[in-house]
Amino acid sequence: MDVLCEQKRLSEAVEMLDLVDRPWAAMYSALIQLCLNQRSLKEGKRVHDNMKNSGYVPGFFISNRLLDLYCKCESLVDAQKVFDEMRERDLCSWNVMISGYAKVGQLYEARNMFDKMPERDNFSWTAMISGYVRHDKPKDALELYRAMQRHENLQCSKFTVSSALAASAAVGSLHLGKEIHGHVMRTGLDSDAVVWSSLCDMYAKCGSIDEARHIFDKTLDRDVVSWTAMIHRYFEDGRREEGFALFSDLLKSGIRPNEFTFAGVLHACADQTVEDLGKQVHGYMTRIGFDPFSFAASTLVHMYSKCGNIDNARKFFNGLPRPDLVSWTSLINGYAQNGQPYEALQLFELLLKSGMKPDHITFVGVISACTHAGLIDKGLEYFHSIKGKHGLEQTADHYACVVDLLSRSGRFKEAEDVINQMPMKPDKFVWASLLGGCRIHGNVTLAERAAEALFGIEPENAATYVTLANIYATAGKWGEVAKIRKNMDDREVVKEPGLSWTEIKRKVHVFLVGDSSHPMSKEIHEFLGELSKRMKEEGYIPHTDYVLHDVEEEQKEQNLSYHSEKLAVAFAIVATPPGTPIKVFKNLRTCGDCHTAIKFMSKIVERKIIASDNVQYDFGIEKTGATHILFSCKFIVGRGASALSPT
DNA sequence: ATAGGGTTAG
């Protein structure tokens, strides 16, 4: 049996146990340890049964191991049974139970044990505190931490302070965090990389990212986790340059980044739509070798499709030995957003065939693909299949997708029915989808209802005001438009300025409306002037959507200043050799005129142009703003001279 | 026996 154990042939070893007449403690001990290592509940139970059948009465040691096994396998019912049957228990027995319950989130049971136990050591306290932190109860964690400090004979360990720091970070209390920081320094717990990392994280999450960096710089034995966390915090804070710079420092430091690092950096690349940088990271990953089964692979799929390069996304995806669900979902959503809804649906059917189970996010992509393809009934079918065929619960997001699907095609009665039948309270996404549909069809009455609901949920979001104002303007209700403008002023709601950018030779160039700050501004404007003439010859007629701008912006508009996306496209054309495909991204919605203009530009200069039309979540999947483009996509694709698609 | 990092959509 020893040999079998050594070779980790667990089930054979357990079978052998059944052949032994009177097994002894060492056998049980070794077998349970092996079950524990392999997290095998099934074999563990067989060993336990054998113990009961052969009348063996375990002592502390074996019982505690058994407890640990059941807890690690998250079978708390079994663990509790063993615990209840123990004739004597030591501190360890109680502690194992507390940490078992705390880990799976049964905090009430854990606390009950904690309160009942005859005496507690610092392990009991820490296990309880970390349980609260892990399961989103930082306030309870801090309360307990305070109580613990009142006991003079209890020493905080590095585990305790790490958990307490995580709790302060979760409640965002810099004050408390600093206090613990002081405690760490006084008690000499500052010799541990994890404690430093927790400190760093606490400062970053409490908004003091520079302080976090200071801690990071002072950390002596930084490992890949400390680096990854710090890099990620920069990205979270929108300080991408510093994030990328630190990533580059990491590469120089000799510490090897891992899939956590890559996932964070690639996510930032996807967010900033900097495909060139993403490609470099991809190249680096390939050179040092990365696990194609890990989640880093899915981030690459995401990065390529978010950057508008769905072909690369597919190519990479096809090369994966066994793509995970996130990769499938990223690609399905990528197709849905890149104007290839049928490809998205086909891929979903492939996913089902592969035996993989879709999750709720996958269905968001599937239904929105139906929306883009105008396949309303098919979309509804998929929606119903979530619960029926796939046995999942429909979430508020799915309802938002269905409301989008229906209202976009003008089926408002059904959309309202769906909202009324929702088992949960309709959230902002649901109302925003409805509002988006109303905008397309000029449904003023229903738009007012949707906007009213949104004002209740998020009065600070400028997008709701702007959309409603647009709907009123289209209906000629200028009095109402003025009221909204006043409302925005009264509530100090500020509209985010529109920005477009393009990446050329790894440098990102950003443009505002009417922007003349770019070094090549003169060339850009001259070029646009020329281009406008030729566009008109080709039949382009400028038209403006009503957009709620501030006064200054409106004046600029009257001076015929160009929208940011036109500037970015023009710059990209001027700055790259003939024939180079162009990609432009925007943080806000792209107006109907720019949609049309970009397609004309694409034809005239014979370039493939991809321009993102980035509607924030508020408008569901209303990607165009031009009422005559009913089922559009996230990207405006001008295919160069070959075709000018009718819009 | 207890502590720090990541990805998909809306």
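We name chains A, B, ... by the order of the sequence lines, and we start the count at 1 in each one. As the structure is a prediction and not an experimental result, all values here were calculated from the model.
Ranking B/dG4, B/dT2, B/dT8 by closeness to the A/Asp223 side chain, first place goes to B/dG4. Between B/dA1, B/dT8, B/dG4, one nucleotide has an atom nearer to the side chain of A/Lys72 than all others, and that is B/dA1. Candidate nucleotides B/dG10, B/dT7, B/dA1 were compared by shortest atom distance to the side chain of A/Asn95, and B/dA1 ranks first. The side chain of A/Ala229 lies closest to B/dG5 when the candidates are B/dT2, B/dG5, B/dT7. Looking at the side chain of A/Thr228, the nearest of the listed nucleotides B/dG5, B/dG4, B/dA9 is B/dG5. Minimum atom distance to the side chain of A/Lys103 is reached by B/dT2, of the listed B/dG10, B/dT2, B/dA1. For A/Ser99, the side-chain atoms get nearest to B/dT2 when compared with the rest of B/dT7, B/dT2, B/dG10. Looking at the side chain of A/Ser298, the nearest of the listed nucleotides B/dG5, B/dT2, B/dT7 is B/dT7. When distances run from any side-chain atom of A/Ser157 to the nucleotides B/dA9, B/dT2, B/dG5, the shortest one goes to B/dT2. Ranking B/dT7, B/dG5, B/dG4 by closeness to the A/Ala263 side chain, first place goes to B/dT7.
Both tests pass for A/Arg222 against the ring of A/Phe216: distance under 6.0 Å to the centre and angle within 45° of the axis.
Between A/His398 and the phosphate of B/dA9, there is no side-chain N or O to OP1/OP2 separation shorter than 4.0 Å. The shortest distance between the side-chain N/O atoms of A/Gln394 and the OP1/OP2 oxygens of B/dG10 is not below 4.0 Å. Applying the 4.0 Å criterion to OP1 and OP2 of B/dT7, one finds that A/His302 has every side-chain N and O outside that range. A close approach under 4.0 Å does not occur between any side-chain nitrogen or oxygen of A/Arg65 and OP1 or OP2 of B/dA1. Put simply, A/His232 has no side-chain N or O that comes within less than 4.0 Å of OP1 or OP2 on B/dG5.
Going from atom CG of A/Leu325 over to atom C1' of B/dA9 covers 12 Å, rounded to whole Å. Atom CD1 in A/Ile310 sits roughly 15 Å away from atom P in B/dT8 (whole-Å rounding). Taking atom CD1 on A/Ile215 and atom C1' on B/dG4, their separation rounds to 14 Å, with Å as the unit. The CE-C1' distance, from A/Met424 to B/dG10, rounds to 13 Å in whole Å. For the pair A/Phe316 CZ and B/dT7 P, the computed distance is 16 Å after rounding to whole Å. In this structure, A/Met303 atom CE and B/dT7 atom C1' are separated by 13 Å, rounded to whole Å. Going from atom CG of A/Asp427 over to atom C1' of B/dG10 covers 8 Å, rounded to whole Å. We find that NZ of A/Lys205 is positioned 5 Å from P of B/dG5, with the value rounded to whole Å.
Here A/Val194 lies in heavy-atom contact (under 4.0 Å) with a base. Residue A/Asn258 is classed as a base contact, given a heavy-atom separation below 4.0 Å to a base. A/Thr160 comes within contact range of no nucleotide atom at all, as no heavy-atom separation falls under 4.0 Å. Within 4.0 Å of A/Asp192, counting heavy atoms only, lies at least one base atom of the nucleic acid.
Under the 30°/60° scheme for interplanar angles, the aromatic rings of A/Phe316 and A/Tyr304 are found to be tilted.
Looking at A/Phe429, A/Phe383, A/Trp431 one by one, the single match for ring-ring contact (aromatic ring centres under 6.0 Å, His included) with A/Tyr399 turns out to be A/Phe383.
For A/Ser198 against B/dG4, no side-chain N or O and base N or O form a donor-acceptor pair under 3.5 Å. For B/dG5, the base has no donor-acceptor partner in the side chain of A/Asp201 [N/O atoms by modelled type, under 3.5 angstrom]. In terms of polar N and O atoms assigned as donor or acceptor, the side chain of A/Ser162 never comes within less than 3.5 Å of the base of B/dG4 in a complementary pairing.
Looking at A/His390, its side chain never comes within 3.5 Å of a backbone N or O of A/Asp359 through a donor-acceptor pair. Between the A/His135 side chain and the A/Ala102 main chain, a donor and an acceptor come within less than 3.5 Å of each other.
Side-chain polar atoms of A/Asp291 and A/Ser294 form no donor-acceptor pair below 3.5 angstrom.
Taking a 6.0 Å sphere around CD of A/Glu119, one finds it holds 12 or fewer heavy atoms contributed by other residues, nucleotides or ligands.
Put simply, A/Phe159 does not rest on the base of B/dA3: the two rings are not both less than 5.5 Å apart at their centres and under 30° in tilt.
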